[in-house]
Every structure is written in structure tokens, then in C-alpha cells.
Amino acid sequence: MTELPIDVRNRELRTADQFGIKETYQSDLEGVLIPRAEIEDCVAQLGSEISAEYHSNPDFYPICVLKGAIRFFVDLLREVDLGVPYSEGVVHSSRYHAGPTTDTPTVQFFHEEQIEGKDVLLVEDILDEGYTLATLRDRIEEFDPSSIRIVTLFDKTVNREVAVDSAFTGFTVPDEFFIGYGLDYDEQYRDLRHLGVLDPEIFRG
Ligand code: HPA
Ligand code: MG
């Protein structure tokens with residue numbers, strides 16, 4: 001097994017035509033940074049690390065940060081086996097609400113009364129500036145969990161503005177704007193199966 005996180009900050013992009021990507025998406029991509037097979041292997045490895053860490057713990061409580069982490073959450077938990085049953089939660093958070101991006105994300109909990117005493121694992125697609133996860137961590141703390149940790153598939157470390165640490169990280173990524181595997185640009189492209197870099201022409205547009 002490779003050591004996680006996998007550092008892809010200096011990796012060359014591959015051209016999008018090698019991956020059977022829909023024609024409409026190919027022209028919107030600068031290139032592919034991480035093909036889906038490599039994402040899948042990494043998710044499996046994160047799943048086995050989490051299984052080892054929380055083994056036999058029925059208070060394990062993974063929380064999916066909607067919407068971006070849906071795909072990662074489902075794929076990750078398919079790879080988690082604790083030997084005991086456990087429950088799951090979701091939270092919706094967005095930094096893009098009614099106008100320009102703000103530092104304070106909106107947060108909507110569902111069944112927050114279930115958090116007390118749990119060993120919460122926040123499951124996030126990408127850790128970037130850190131505002132979303134710092135806010136979520138502080139808000140969840142108010143519900144008295146036993147512990148809170150973070151797993152993020154992608155970590156854009158160079159962009160960090162507030163201190164947040166993830167216990168489990170898949171890939172360290174460069175400062176680009178990514179789409180795919182749940183990541184969106186203006187709510188689109190989440191269904192792209194690879195991690196791609198958006199064409200800057202579109203990003204600016
Ligand atoms: N792409 C999409 N959503 C994001 C990103 C990104 O690179 N960083 C933080 N949210
Ligand atoms: Mg988003």
C-alpha cells in the first residue's frame with residue numbers, strides 16, 4: 001500500500017481525450033489530474049485505515065457534507081467494515097449563497113440530536129481555505145460528540161486560511177480549480193468520474 005496522502009501537486013495533467021469522457025465535458029477541461037481508477041484505489045485505502053481506527057466502535061458516526069461529498073461518502077463506506085453496526089448522518093453546507101462567496105458558510109443539520117456521545121467523522125470532498133470544515137467542526141462540538149475527526153479526499157494545502165487538520169487525507173492537490181467526483185463549478189460537472197481541472201476560460205467566464 002502507498003503512504004497517504006498521495007502528493008499530486010507536481011503532476012502533469014493528462015489530456016481529457018484518453019478517458020472516454022463525454023464530448024461536451026472534454027472541451028471544458030484543461031485536463032485530468034487524477035483518473036477514476038486511482039481515486040477508487042485511494043478511497044479503498046482510506047476505508048481500510050478508517051476500519052482499523054474505528055474497529056468494533058458502534059459510536060462511529062460518519063457525517064456526509066452535502067452536496068459535494070455524496071459520491072466519496074458512498075464509495076468510502078462501502079470499504080469500511082467495523083465488525084459492528086453504526087449509523088450515519090448528513091449536513092448541508094454551502095459557501096455560495098445569495099451573492100458573493102462569504103467566509104461563513106450556511107449550515108443545515110438533520111437529526112443533530114443523534115450526535116451526542118458519537119465519534120464523529122466528517123466526510124468532505126475537498127479541504128481548501130478551511131472555512132467550511134472549521135465552521136462545521138465548531139458547530140458539531142456544540143452537540144457534545146465524544147470526538148470529531150475529518151476525512152477529506154482532496155487537500156489543497158496551499159490555500160489554507162483557517163487552521164483545520166484532517167485525520168485522513170487522500171491526495172494533496174495543487175492550487176487549481178477542480179471539477180469531478182462530486183466537485184462542482186456552479187453546480188455542474190459533479191458527475192465527471194475523474195478529478196479534472198476546469199478550463200480557465202470557463203472559470204473566468
Ligand atoms: N473545485 C470545486 N469546489 C471547490 C474547490 C475546487 O477546486 N475548492 C473548494 N471547493
Ligand atoms: Mg462546491
Side-chain angles (χ1 to χ4, degrees), residues 4-14 16 19 21-22 24-36 38-39 42-43 46 63-76 90-108 122-139 150-205:
L4 298 185
I6 299 165
D7 189 345
V8 295
R9 283 175 295 184
N10 296 316
R11 183 184 280 188
E12 297 274 323
L13 290 184
R14 307 217 219 147
F19 299 98
I21 296 169
K22 298 171 209 178
T24 43
Y25 284 15
Q26 280 192 31
S27 54
D28 296 349
L29 283 167
E30 179 93 346
V32 167
L33 185 66
I34 313 175
R36 62 183 279 219
E38 193 181 354
I39 295 176
C42 179
V43 171
L46 285 169
I63 298 180
C64 179
V65 183
L66 302 174
K67 294 186 284 205
I70 294 177
R71 286 168 178 80
F72 176 41
F73 190 79
V74 170
D75 289 348
L76 178 69
V90 293
V91 63
H92 182 270
S93 183
S94 177
R95 283 186 61 200
Y96 309 91
H97 46 93
T101 303
T102 59
D103 293 352
T104 324
T106 60
V107 178
Q108 186 180 3
L122 269 171
V123 180
E124 179 61 298
D125 47 12
I126 188 162
L127 177 50
D128 193 324
E129 292 166 331
Y131 292 112
T132 300
L133 284 170
T135 301
L136 287 175
R137 187 191 54 196
D138 294 350
R139 294 285 306 275
I150 292 167
V151 55
T152 186
L153 183 55
F154 307 113
D155 188 353
K156 214 185 274 184
T157 48
V158 290
N159 255 7
R160 200 78 85 254
E161 293 190 9
V162 289
V164 187
D165 280 324
S166 53
F168 308 92
T169 305
F171 297 94
T172 308
V173 296
D175 189 14
E176 302 280 359
F177 194 85
F178 298 104
I179 50 173
Y181 200 72
L183 291 172
D184 69 303
Y185 173 60
D186 202 12
E187 294 298 332
Q188 295 178 316
Y189 308 104
R190 293 189 197 275
D191 60 309
L192 174 68
R193 290 176 168 192
H194 316 274
L195 187 73
V197 173
L198 188 65
D199 184 339
E201 289 293 320
I202 290 175
F203 190 49
R204 275 195 296 272

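We number each residue from 1, following the sequence as shown. For ligands, and for the atoms within them, numbers begin at 1 and follow the listed sequence.
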### Query
If you measure from each non-hydrogen atom of Glu176 to ligand 1, which part falls under 4.0 Å: side chain, backbone, both or neither?
backbone
### Task
Would you indicate whether the side-chain heavy atoms of Phe154 and Ile34 approach each other to under 4.5 Å?
yes
### Query
Heavy-atom contact under 4.0 Å between Arg95 and ligand 1?
no
### Task
Below 4.0 angstrom from a heavy atom of Asp128, which ligand 1 atoms are there? Numbered from 1 as shown, please.
5 (C), 8 (N), 9 (C)
### Query
Is the number of heavy atoms from other residues, nucleotides or ligands within 6.0 Å of CG (Asp191) greater than 12?
yes
### Query
Does the side chain of Arg71 come within less than 4.5 Å of Arg190's, by heavy atoms?
yes
### Minimum non-hydrogen distance to atom 1 (N) of ligand 1, winning option of Tyr189, Phe178, Tyr185
Phe178
### Task
May I ask you to list the atoms of ligand 1 that are less than 4.0 angstrom from any heavy atom of Lys156?
5 (C), 6 (C), 7 (O), 8 (N)
### Query
Of all the atoms in ligand 1, which lie at a distance below 4.0 Å from a heavy atom belonging to Asp184?
2 (C), 3 (N)
### Message
Pairs of nitrogen or oxygen atoms closer than 3.5 Å, one from Ile179 and one from ligand 1: do any exist?
### Response
no
### Task
Salt-bridge test for Asp155 and Arg160: reply yes if a basic N is under 4.0 Å from a carboxylate O, no otherwise.
yes
### Task
Check the pair Phe177, Tyr185 against ring pair (Phe, Tyr, Trp, His ring centres under 6.0 Å), reporting the backbone distance first and the verdict last.
CA-CA 8 Å; Phe177 194 85; Tyr185 173 60; 5.8 Å; yes
### Query
Are any non-hydrogen side-chain atoms of Val43 and Tyr181 less than 4.5 angstrom apart?
yes
